[in-house]
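Comments concern the structure below.
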Amino acid sequence: MPTTVPATLRTLAVFEVFAREQRDLSNAEVARLIGLAESSTSDLLHTLHEAGYLLRTVRSRRFYPTRRLLEVARQSAERDPIATFAADAIAALSERTGETAICGRPDGMRVQVVAIQEGSHPLRFMLRPGERLAMHASALGKALLALMPPEEMRRAVRARPLRQLGPATITDPARLEAAVEEVRARGWAWVAGEAGEGVAAIAIAGLVGGEPLAVSLAGPTSRLEASRDAYRAALEEARPLLFGPSQSTG
């Protein structure tokens, strides 16, 4: 089993301290702020300085991060890491179920599709990455709303009128809030006929690197209703792999 590397956590703590303090720091100050002995802190700061991630002032011998970490992060972010993660995650779900698997993140009161893997059935749900779904009428959206603290969720639901998009769309804010609380209690969202006639979806949500993300399976209502328990089991099995064991439901 993988183990946590303390030295890595200490290195990250150093950069978090500089980000919080917004000033140059002495070895003693860093040691106090990260809770490490000054001798060990000195070795850590020296290593980061030699690697080009910290500069050291000439006279006061205090430390401050260089732009190297920023540049590394910028280059890494040029390709959205969440999109890469999402594409890999939903490919396995789609292959297992044969349904279209979708990953989305919140964008105001809409859900931005980050990645999609079309199913293998001739009749299947189709979208493209970058498209946006109504949060109030999609399984992805309801799963994401359930991640919010209750008061924040209620403000989001009541921020603007809820449009009728399908025969079963919930347009009353109080009813939608109650539906989201049900999702919060059971850990998964289900919609049928809310985003459009004859379309259903089932979804779960969690945090990936601190960012809210939801994953759903979508397709014709009749097929999803017949397979709902199996698809829910597939999502629950994937939950700890997607969001980590600490976010699993009981």
Side-chain angles (χ1 to χ4, degrees), residues 82 85-86 88-107 109-117 119 121 124-125 127 133-150 152-154 156-157 162 165-166 168-170 175-196 198-208 210-250:
I82 292 295
F85 168 87
D88 181 70
I90 63 175
L93 273 173
S94 181
E95 182 178 347
R96 173 173 173 176
T97 63
E99 299 294 351
T100 295
I102 309 163
C103 185
R105 59 182 160 201
D107 179 16
M109 265 303 279
R110 297 187 296 175
V111 181
Q112 180 191 36
V113 176
V114 178
I116 181 165
Q117 178 65 53
H121 296 287
R124 58 187 184 269
F125 191 66
L127 280 172
L133 306 174
M135 189 167 281
H136 71 285
S138 63
L140 290 169
K142 288 183 180 177
L144 289 168
L145 284 169
L147 279 184
M148 298 179 183
E152 182 181 339
M153 180 270 289
R154 294 186 188 102
V157 164
L162 305 173
L165 300 173
T169 306
I170 299 174
R175 282 187 59 212
L176 181 59
E177 289 167 9
V180 172
E181 289 302 335
E182 290 180 9
V183 174
R184 192 194 308 278
R186 70 184 179 221
W188 52 276
W190 166 265
V191 299
E194 295 192 39
V199 178
I202 183 169
I204 60 173
L207 300 177
V208 176
E211 179 174 347
L213 213 64
V215 172
S216 74
L217 294 167
T221 300
S222 58
R223 194 168 68 224
L224 261 76
E225 284 181 338
S227 302
R228 180 163 64 174
D229 289 344
Y231 291 172
R232 181 169 65 85
L235 287 167
E236 289 297 344
E237 186 177 317
R239 187 191 296 271
L241 302 176
L242 293 166
F243 308 122
S246 64
Q247 296 183 59
S248 298
T249 58

Any idea which heavy atoms bring [X] and [Y] closest together, and the distance?
{"X": "Ala143", "Y": "Ala214", "answer": "CB-CB, 4.4 Å"}
{"X": "Ala192", "Y": "Thr221", "answer": "CB-CG2, 4.0 Å"}
{"X": "Cys103", "Y": "Ile90", "answer": "CB-CG2, 3.9 Å"}
{"X": "Met135", "Y": "Pro106", "answer": "CE-CB, 3.8 Å"}
{"X": "Leu93", "Y": "Ala238", "answer": "CD2-CB, 4.3 Å"}
{"X": "Leu165", "Y": "Ala137", "answer": "CD1-CB, 3.9 Å"}

Stepwise side chain to side chain contact (heavy atoms under 4.5 Å, CB included) check, Val208 with Arg105: CA-CA 10 Å; Val208 176; Arg105 59 182 160 201; over 6 Å; no
Out of curiosity, [X] [atom1] to [Y] [atom2], how far, rounded to the nearest 0.5 Å?
{"X": "Ile170", "Y": "Glu194", "atom1": "CD1", "atom2": "CD", "value": "4.5 Å"}
{"X": "Arg186", "Y": "Ile204", "atom1": "CZ", "atom2": "CD1", "value": "13.0 Å"}
{"X": "Leu217", "Y": "Tyr231", "atom1": "CG", "atom2": "OH", "value": "7.5 Å"}
{"X": "Glu237", "Y": "Leu242", "atom1": "CD", "atom2": "CG", "value": "11.0 Å"}
{"X": "Ile202", "Y": "Thr97", "atom1": "CD1", "atom2": "OG1", "value": "10.5 Å"}
{"X": "His121", "Y": "Thr100", "atom1": "NE2", "atom2": "OG1", "value": "8.5 Å"}

Contact check, side chains of [X] and [Y], non-hydrogen atoms, under 4.5 Å:
{"X": "Met148", "Y": "Leu145", "answer": "yes"}
{"X": "Leu207", "Y": "Pro212", "answer": "yes"}
{"X": "Arg223", "Y": "Glu99", "answer": "yes"}

Ion pair Glu181/Arg184, N-O distance below 4.0 Å: yes
Residue list, salt bridge (charged side-chain N to carboxylate O under 4.0 Å, His left out) with Arg175, at least two apart or on another chain: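 So Arg175 forms no salt bridge (charged side-chain N to carboxylate O under 4.0 Å, His left out) with any residue.
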Expected output: side-chain Ser138 to main-chain Gly141 donor-acceptor under 3.5 Å: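 Side chain of Ser138 to backbone of Gly141, a donor-acceptor pair under 3.5 Å: yes, one is there.
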N/O donor-acceptor pair under 3.5 Å between Thr169 side chain and Gly166 backbone: yes
Check against salt bridge (charged side-chain N to carboxylate O under 4.0 Å, His left out), Glu225 and Arg228: CA-CA 5 Å; Glu225 284 181 338; Arg228 180 163 64 174; over 6 Å; no
Derivation of the side chain to side chain contact (heavy atoms under 4.5 Å, CB included) call for Trp188 and Val183: CA-CA 5 Å; Trp188 52 276; Val183 174; 5.9 Å; no
